[in-house]
Every structure is written in structure tokens, then in C-alpha cells.
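For reference, the structure discussed in these notes is given below.
Reminder, nothing fancy here: chain letters follow the sequence lines and each chain counts from 1.
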2 protein chains.
Amino acid sequence: MELPPVDRTILVALQQNSRITNRELASRVGLAESTTHERVRRLVDAGVVTRFTADLDPGALGRPMQALIAVQLRPQSAEVVTRFLDAVVGDPCVLDATVLSGETDVQIRVAVASSEALRRFAWQKVTSVPSVRSIQTHIVYEHRRGPGLAETGD
Amino acid sequence: MELPPVDRTILVALQQNSRITNRELASRVGLAESTTHERVRRLVDAGVVTRFTADLDPGALGRPMQALIAVQLRPQSAEVVTRFLDAVVGDPCVLDATVLSGETDVQIRVAVASSEALRRFAWQKVTSVPSVRSIQTHIVYEHRRGPGLAETGD
DNA sequence: CGTGAAACCGTACGAAG
DNA sequence: CTTCGTACGGTTTCACG
């Protein structure tokens with residue numbers, strides 16, 4: 001939990017570019033290659049790094065439109081939530097789904113090719129799950145990433 | 001925009017593991033190494049892949065709690081939104097911020113060490129921006145990733 | 001934590017479909 | 001225009017000091 005500063009530096013670098021060579025990473029953190037290599041291995045083994053992945057541009061893939069769908073479920077039971085997630089989260093347009101406290105029970109983020117595709121997903125796929133009481137769709141105008149998790153928590 | 005199936009396969013593989021060797025990637029898609037290498041290069045150059053990154057586990061980094069802060073801004077102008085984002089999005093606890101249509105103008109996703117840290121961010125950092133009219137904080141109970149952008153849009 | 005050497009890999013290039 | 005095979009130089013990786 002209390003990670004040495006060197007590991008924070010490694011994580012920042014890997015977040016910026018996960019394909020950095022171990023050599024460059026080592027020279028950036030000022031350690032030997034073998035040491036750096038070992039630290040990365042331990043971070044992965046410890047589950048601090050959950051995966052190395054590629055960020056893709058939705059627009060470049062023909063899905064320039066993003067939206068947030070806020071869903072209210074009834075009855076409010078753990079099982080209803082799980083069933084709902086299982087039903088919608090596999091759809092190709094779903095980026096992620098978040099289970100929340102408050103009015104909205106689940107919030108789904110989608111990337112779609114058009115407003116027609118959005119309508120199809122929201123009005124057909126989502127509202128066809130019986131436990132969905134109501135939905136509200138909001139257009140995403142802009143999305144900004146924060147500093148990332150590698151920074152010091154506070 | 002209409003990507004060949006081979007490129008989709010490459011993107012899926014790179015999303016699952018961006019540190020895959022070019023050799024394994026080539027054998028998985030059934031092309032020669034040099035060809036695969038070239039396709040990856042083109043995908044990056046074309047901006048389809050925006051970056052290779054590492055996903056980290058918030059809990060393993062001492063920030064086990066996530067929340068969504070819905071913000072209403074007044075007056076509603078583009079400049080007010082931009083200023084607000086600039087003021088809050090650099091805070092270490094911010095995962096990302098989304099500008100939306102509807103009641104909520106901006107939604108901020110945060111990962112924090114404790115409810116105290118959440119309170120500090122929401123009540124001090126966020127509400128201290130003059131154009132913030134109101135905020136609503138929601139706890140994130142669960143988060144699930146969708147299939148990812150590499151799948152066929154529809 | 002550093003060193004070294006063997007195994008492994010990325011990458012450029014010419015050629016061919 | 002895309003694909004392929006090859007060869008070289010760089011990199012990862014591991015046992016050991």
C-alpha cells in the first residue's frame with residue numbers, strides 16, 4: 001500500500017507508455033535493468049498493475065458519439081443489479097457500467113456510431129430488461145483524463 | 001473507419017495485452033511478423049491506438065473508495081466549463097471528468113483513500129470554484145468494463 | 001542491487017504476389 | 001498495395017556475485 005517512490009515512478013512511466021523498453025525504464029528510474037525488471041514483475045504479481053492495454057480512439061473506429069445512460073432498477077436487489085449487468089454489459093457499444101448509490105442504480109457509458117444506434121441500444125436492449133424502471137440518456141460532450149492512479153493518493 | 005478484420009483482431013489482442021510480443025501477435029493473427037509489425041505501426045500512426053498504457057488497481061494503491069461527483073455550473077458557458085475542468089481535473093484523486101448534456105454539467109470520477117479524503121475533495125476543492133452551483137456525490141459500488149472498442153460497432 | 005551471457009525479439013530491407 | 005523471409009543489432013531474462 002505504501003509504495004516506494006521508485007515504484008510510483010515506474011507506474012507513472014508504464015501508464016504513459018506500457019511498451020517502453022525495460023532499458024529506458026531502468027535509465028529513467030536510475031536503477032539497473034535487472035532490478036527494474038524485477039520490480040515490474042513484482043508489481044504485476046502483486047496485482048498493482050492489473051493489465052497492460054491499448055487505448056483506442058472511438059472516432060477513428062467509426063463510433064464518434066458517446067453517451068451516459070442512467071438506469072433505475074426495481075426492485076432494488078443485488079440479484080436484479082447483477083442480472084441487469086449481465087444482460088447489457090456484453091453489448092459491443094458498452095464501454096463500462098457503474099453501480100451507484102443514489103437515484104441512479106446503474107450508469108452505462110456507451111460509444112456508438114450514430115444517434116440511431118444509441119436509440120437502439122437504449123430503447124431496445126436496455127428497456128427490454130424487465131427490472132428497468134426508467135432510463136435517462138445524456139450526451140457526452142467531452143472527456144478528460146485525470147492524473148492517473150500512480151500519483152500519491154494525498 | 002471500416003477496418004479490415006485482421007486489424008480488429010490485432011486491436012483486440014493489444015487491448016488484452018499491450019506488451020504481447022510482435023511474434024506472438026503475428027502467430028495469433030496468422031500473418032508474418034514483418035506484416036504484423038507494419039499494421040501495428042499504421043494503426044498507431046493513424047491515431048486508432050492513442051496510447052499503450054497500464055491499468056492499475058486503486059485498492060492496491062491505497063485508494064479503495066470510488067465516487068462520482070455530479071456538478072451543476074452557473075452560468076452555463078463554455079468558458080465556465082473549461083475553467084472548472086482546469087481547476088479540478090489535475091487533482092491526484094481525479095480519475096476522469098465528463099462534460100454532459102442534462103441537469104448535470106460535469107461528472108467527476110474520483111478514487112480516494114477514505115470518506116474523509118472524498119469530503120475534502122468535494123467540499124473544499126470542488127465547491128470552492130465560484131461557478132459551482134451544486135454538487136451531488138454518489139458512491140461507486142461496482143465497476144464493470146464492456147467488451148472494448150475493438151469489437152464491431154454494430 | 002549489479003553483471004554478464006545466452007536466448008529472444010524488433011526492425012529494416014529486398015523481393016515477390 | 002500488401003505480404004513475406006531473412007539477417008543484424010538490440011533487448012530481455014536469469015543465474016550468480
From dT11(D), dC9(C), dT3(D), nucleotide with atom closest to T35(B) side chain: dT3(D)

Closest to the A32(A) side chain, choosing from dG5(D), dT11(D), dT3(C): dT3(C)

Is there, by distance only and without an angle test, a donor paired with an acceptor across the side chain of S34(A) and the base of dT13(D) below 3.5 Å? no

Gap between atoms CG and C1', on L31(A) and dT3(C) respectively (whole Å): 15 Å

Which part of the nucleic acid does E33(A) contact within heavy-atom distance under 4.0 Å: base, sugar-phosphate only, or nothing? base

Rounded to the nearest Å, what distance is computed from the CD atom of residue E24(B) to the P atom of nucleotide dC8(C)? 14 Å

Nearest listed nucleotide, side chain of N22(A), among dG10(C), dC4(D), dT13(D): dT13(D)

Using whole Å, report how far CZ of R23(B) lies from P of dT6(D). 12 Å

How close or far is atom C1' of dT11(D) from atom CG of L25(A), stated in whole angstroms? 13 Å

Check whether the side chains of Q107(A) and T98(A) place a donor and an acceptor atom closer than 3.5 Å, and report yes or no. no

Separation of S131(A) OG from D105(A) CG (nearest 0.5 Å): 9.5 Å

Classify R39(A) by what it touches in the nucleic acid, base, sugar-phosphate, or nothing, heavy-atom distance under 4.0 Å. sugar-phosphate

Has H37(B) got a side-chain N or O lying under 4.0 Å from the OP1 or OP2 atom of dT11(C)? yes

What heavy-atom pair brings R109(A) and Q66(A) nearest, and what distance separates the two atoms? NH1-NE2, 3.6 Å

Spacing between R19(A) atom CZ and dT11(C) atom P, to the nearest angstrom: 8 Å

Without decimals, in angstroms, what is the distance between R41(B) CZ and dT2(D) C1'? 13 Å

Whole angstrom value for the distance that separates P of dT12(D) from CZ of F52(A): 12 Å

Quick one: does S18(A)'s side chain have a donor or acceptor within less than 3.5 Å of a partner on L14(A)'s backbone? no

When you measure from the side chain of S101(B) to the backbone N and O of H138(A), does any donor-acceptor pair fall under 3.5 Å? no

Rounded to whole angstroms, how far apart are CD1 on I20(B) and C1' on dC9(C)? 13 Å

